[in-house]
Q: 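Attaching a single structure in structure tokens format; questions to follow.
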Amino acid sequence: MMENMKKILTPKRVLSLIIFILVLIFGFQNMGSVKLSIIFFSLDIPLLILIFAIYIIGVFTGWAVKRSDVKKIVDNAQDETRKELKELQEQLKNK
């Protein structure tokens, strides 16, 4: 039983849950209406809905840009830097 709880309650999930609860608290403390203007039109919506919509967009964006994709970009940049460093070291030796 304890083993299953450890698998379910990973640090990443606990942090995500805490952030979600904080967003909920923040959202429900801001129930007023705001005017949202987008290009050619504007509308009055509750701030609560705007906060949740932006949160959902952020979650979706974070999900879309997976950590593995970022890791690939960093690994490629490191490989290129190592190659350039070796080339520079060889140039210095030849002088």
Q: Is there a path of hydrophobic side-chain contacts, each under 4.5 Å between heavy atoms, that joins I49 and V59?
A: no
Q: Among Ile, Leu, Val, Met, Phe, Trp and Tyr joined by side-chain contacts under 4.5 Å, find the other residues sharing a cluster with L92 and list them by chain and number.
A: none
Q: Look up atom OH in Y55 and atom CG in L50, then write down how far apart they are to the nearest 0.5 Å.
A: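 The OH atom of Y55 sits 15.5 Å away from the CG atom of L50.
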Q: Please list, one pair per line, the donor and acceptor atoms closer than 3.5 Å that link side chains of residues 15-44 to other protein atoms, with sequence neighbours excluded.
A:
unit_1	atom_1	unit_2	atom_2	d
S16	OG	K12	O	2.9
N30	ND2	F26	O	2.7

Q: Once rounded to the nearest 0.5 Å, what's the spacing between atom CG of L48 and atom CD1 of I51?
A: 6.5 Å
Q: Side-chain atoms of residues 80-91: list all donor-acceptor pairs with protein atoms under 3.5 Å, sequence neighbours left out, distances to 0.1 Å.
A:
unit_1	atom_1	unit_2	atom_2	d
T81	OG1	A77	O	2.8
R82	NH1	D79	OD1	3.2

